[in-house]
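To start, the structure under review is shown below, and the notes come after it.
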Amino acid sequence: MKALLLAGGLGTRLRPLTDDLPKPMVPIMGRPLLERIILNLKKSGINEVVISTYYKSQYIEDYFKPEEDYLGVKIHYITEESPLGTGGAIKNAEKFFDDTFLILNSDIVSDIDYADLIKYHNRRRAQVTIASIEVRDTSQYGVIEFDEKGFITAFKEKPKPGESNSKYINAGVYVFEPEVLKEIPENTVVSVERETYPKLLEKEYRMAIYKFNGYWIDIGTIDKYKKVHEDILKGKSRFVSTTSSRGIILGDNVKIHPTAKVIGPAYIGNNTEIDAYATVGPYTVIGNNCRIGQESKVSQSVLWDNVKVRRFARLENAVVTSECIVEVNMEVKNTVFTANRLASTTLTT
Ligand code: GDD
Ligand code: MG
């Protein structure tokens with residue numbers, strides 16, 4: 001089966017993390033989110049994906065080469081010249097799909113069982129199935145109302161307070177029958193959530209809700225981006241399969257000086273070096289090829305690749321993007337360090 005990955009959004013709320021790369025490419029435990037999504041799809045028997053891009057599309061194409069096999073999954077691209085919205089992007093990819101297919105928002109970390117979702121869709125003989133989770137505050141999501149048989153009766157994108165009593169939201173994972181694509185106009189900006197779903201309901205298409213109660217989060221904001229790492233390190237999600245010893249996950253060729261201290265839970269990527277008397281952890285993720293200098297301290301932080309933390313520097317509740325150098329004695333606390341500068345972003349503690 002094939003899947004369409006919607007990956008063209010601007011990632012505005014994740015800035016400055018998305019200044020240089022598109023949101024689906026931010027690293028989750030040292031590897032791009034999109035890569036981890038593709039690997040998880042493969043485990044559910046998806047062997048072909050279409051990536052729908054717009055913002056910084058080249059960055060994605062440089063990583064997963066077009067028309068190539070990426071770890072056994074064939075990759076196709078469809079790129080917009082100007083953003084078409086979620087519905088327009090789906091319509092734009094129509095030529096790839098002539099059978100039941102999956103659609104995913106590319107900013108979701110979840111343990112949704114795709115194979116079970118597809119089975120459910122087939123059993124209900126639905127034309128669209130939307131995966132859904134229950135949340136307390138629905139205001140940032142699409143809200144789903146449904147009947148006692150599990151068929152959707154209303155879809156309300158980002159409803160105002162009081163507009164819906166339902167607590168079930170759109171988890172950004174859909175199964176589609178290709179015939180519904182005829183309801184989306186071509187070469188037009190369309191929101192699948194605001195326009196297509198209400199239209200399909202009006203026309204009485206069979207839309208089923210697939211309720212799911214495992215781990216789910218969208219990494220729309222930096223606080224949530226940090227929380228995902230904490231949750232994975234706490235073992236709340238199976239999204240990243242890891243083996244750890246006393247909560248410490250080590251990549252290949254990691255060098256830890258005998259006097260350095262690593263406090264789990266923590267993740268340290270390939271070829272990273274931790275120098276004498278440095279302290280790393282807890283709740284810390286360090287990417288590949290990093291160097292953590294002598295007597296420095298890094299806790300509750302996420303570091304991307306090729307980061308250098310110089311001697312005596314202190315990092316606490318921070319995100320540091322790739323290639324940054326945190327200078328000697330510098331303190332980075334409750335914020336993002338990017339392009340060798342402290343960002344104005346404040347992270348909650
Ligand atoms: N190709 C393409 N073109 N992709 C797009 C475009 C576009 O114009 N606009 C958005 N996308 C992609 C984004 O990259 C993302 O993966 C996905 O579509 C959803 O866009 P977001 O911008 O992340 O939407 P949202 O988070 O406000 O809301 C969506 O996700 C919620 C769950 O996290 C909606 O689908 C909600 O209904 C849902 O509850
Ligand atoms: Mg989103």
Side-chain angles (χ1 to χ4, degrees), residues 3-15 17-18 21-26 28 32-34 36-38 49-61 76-94 96 102-110 112 128 130-145 152 154-159 163-164 166-174 176 184 187-198 200-201 207 209-212 215-225 227-228:
L4 172 62
L5 305 179
L6 298 174
L10 298 178
T12 319
R13 286 165 295 170
L14 256 196
R15 279 184 196 154
L17 299 185
T18 46
L21 77 183
K23 180 165 61 169
M25 295 304 279
V26 299
I28 299 293
L33 169 58
L34 201 54
R36 295 207 178 271
I37 291 175
I38 291 171
V49 302
V50 179
I51 309 179
S52 168
T53 57
Y54 165 67
Y55 179 68
K56 300 203 183 289
S57 54
Q58 195 58 46
Y59 191 103
I60 306 182
E61 286 190 37
H76 306 279
Y77 282 95
I78 185 129
T79 302
E80 291 148 36
E81 275 167 30
S82 62
L84 288 171
T86 45
I90 295 169
K91 179 69 176 182
N92 204 30
E94 187 167 19
F96 290 102
L102 261 180
I103 304 178
L104 270 69
N105 287 354
S106 305
D107 60 347
I108 307 289
V109 170
S110 88
I112 290 180
V128 171
I130 303 180
S132 175
I133 58 143
E134 200 177 3
V135 298
R136 244 176 286 156
D137 176 9
T138 58
S139 59
Q140 295 309 307
Y141 303 106
V143 172
I144 299 172
E145 295 173 8
I152 299 176
F155 189 103
K156 295 174 181 163
E157 182 65 13
K158 315 223 164 81
E163 219 184 297
S164 179
S166 172
K167 293 289 174 200
Y168 283 88
I169 60 145
N170 169 20
V173 179
Y174 322 126
F176 266 47
I184 310 178
N187 299 319
T188 311
V189 179
V190 179
S191 158
V192 77
E193 299 90 346
R194 291 182 195 277
E195 297 166 71
T196 312
Y197 290 150
L200 294 177
L201 289 169
M207 291 179 62
I209 180 171
Y210 173 84
K211 292 185 194 163
F212 163 78
Y215 189 80
W216 182 94
I217 194 168
D218 73 292
I219 57 146
T221 64
I222 302 180
D223 279 330
K224 287 206 253 176
Y225 173 74
K227 184 173 180 337
V228 162

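One-based numbering, in listed order, for ligands and for the atoms of each. Just so you know, these numbers use all the heavy atoms, side chains as well, and skip hydrogens, waters and symmetry mates. This one's a predicted model, so the numbers in the text were calculated from it and none came from an experiment.
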Distance in Å, Leu5 CG paired with Asp107 CG, rounded so as to fall on 0.5 Å steps =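 The CG atom of Leu5 sits 11.5 Å away from the CG atom of Asp107.
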
Please state which protein non-hydrogen atom is closest to [atom] and give its distance, to 0.1 Å?
{"atom": "atom 8 (O) of ligand 1", "answer": "Gly85 N, 2.7 Å"}
{"atom": "atom 9 (N) of ligand 1", "answer": "Gly9 CA, 4.1 Å"}
{"atom": "atom 3 (N) of ligand 1", "answer": "Glu80 OE1, 2.9 Å"}

query = At distances under 2.8 Å, what protein N, O or S atoms surround the Mg ion (ligand 2)?
reply = Asp107 OD2

Sub-4.0 Å heavy-atom contact, [X] with ligand 1:
{"X": "Arg13", "value": "yes"}
{"X": "Ile108", "value": "yes"}
{"X": "Ile169", "value": "no"}
{"X": "Lys158", "value": "yes"}
{"X": "Gly172", "value": "no"}

Applying a 4.0 Å heavy-atom criterion (strictly less than), which segment of [X] is in contact with ligand 1: side chain, backbone, both, or neither?
{"X": "Tyr197", "answer": "neither"}
{"X": "Glu157", "answer": "side chain"}
{"X": "Pro24", "answer": "neither"}
{"X": "Asn170", "answer": "both"}
{"X": "Tyr55", "answer": "neither"}
{"X": "Tyr141", "answer": "both"}

query = Under 4.0 Å from atom 20 (O) of ligand 1, do we find at least one protein heavy atom?
reply =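 No, because not a single protein heavy atom sits under 4.0 Å from atom 20 (O) of ligand 1.
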
inquiry  = Tell me the nearest of Ala7, Gly8, Ser110, Ala171 to atom 2 (C) of ligand 1, using heavy-atom distances.
reply    =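 Result: the heavy atom closest to atom 2 (C) of ligand 1 is in Gly8.
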
State, yes or no, whether a side-chain contact exists between [X] and [Y] at a heavy-atom distance under 4.5 Å.
{"X": "Arg194", "Y": "Lys158", "result": "yes"}
{"X": "Leu4", "Y": "Phe96", "result": "no"}
{"X": "Val192", "Y": "Tyr174", "result": "yes"}

Distance-only N or O hit between ligand 1 and Ser52, under 3.5 Å = yes

ask   = Which residues satisfy the salt bridge (charged side-chain N to carboxylate O under 4.0 Å, His left out) test with Glu145, sequence neighbours excluded?
value =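 Expected list: Lys156.
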
inquiry  = At less than 4.0 angstrom from any non-hydrogen atom of Asp107, what atoms of ligand 1 do you find?
reply    =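 Heavy-atom distances to Asp107 below 4.0 Å select 23 (O).
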
message = At less than 4.0 angstrom from any non-hydrogen atom of Pro83, what atoms of ligand 1 do you find?
response = 8 (O)

task = Please name all residues satisfying ring-ring contact (aromatic ring centres under 6.0 Å, His included) with Tyr225, sequence neighbours left out, ordered by chain then number.
result = His229

message = Under the rule for ring-ring contact (aromatic ring centres under 6.0 Å, His included), what residues qualify as partners of Tyr168, not counting sequence neighbours?
response =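 Partners of Tyr168 by the ring-ring contact (aromatic ring centres under 6.0 Å, His included) criterion, ordered by chain and then number, come out as Phe146.
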
inquiry  = Side chains of Asp137 and Ser139 only: does a donor on one sit below 3.5 Å from an acceptor on the other?
reply    =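 Side-chain D/A pair, Asp137 to Ser139: present.
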
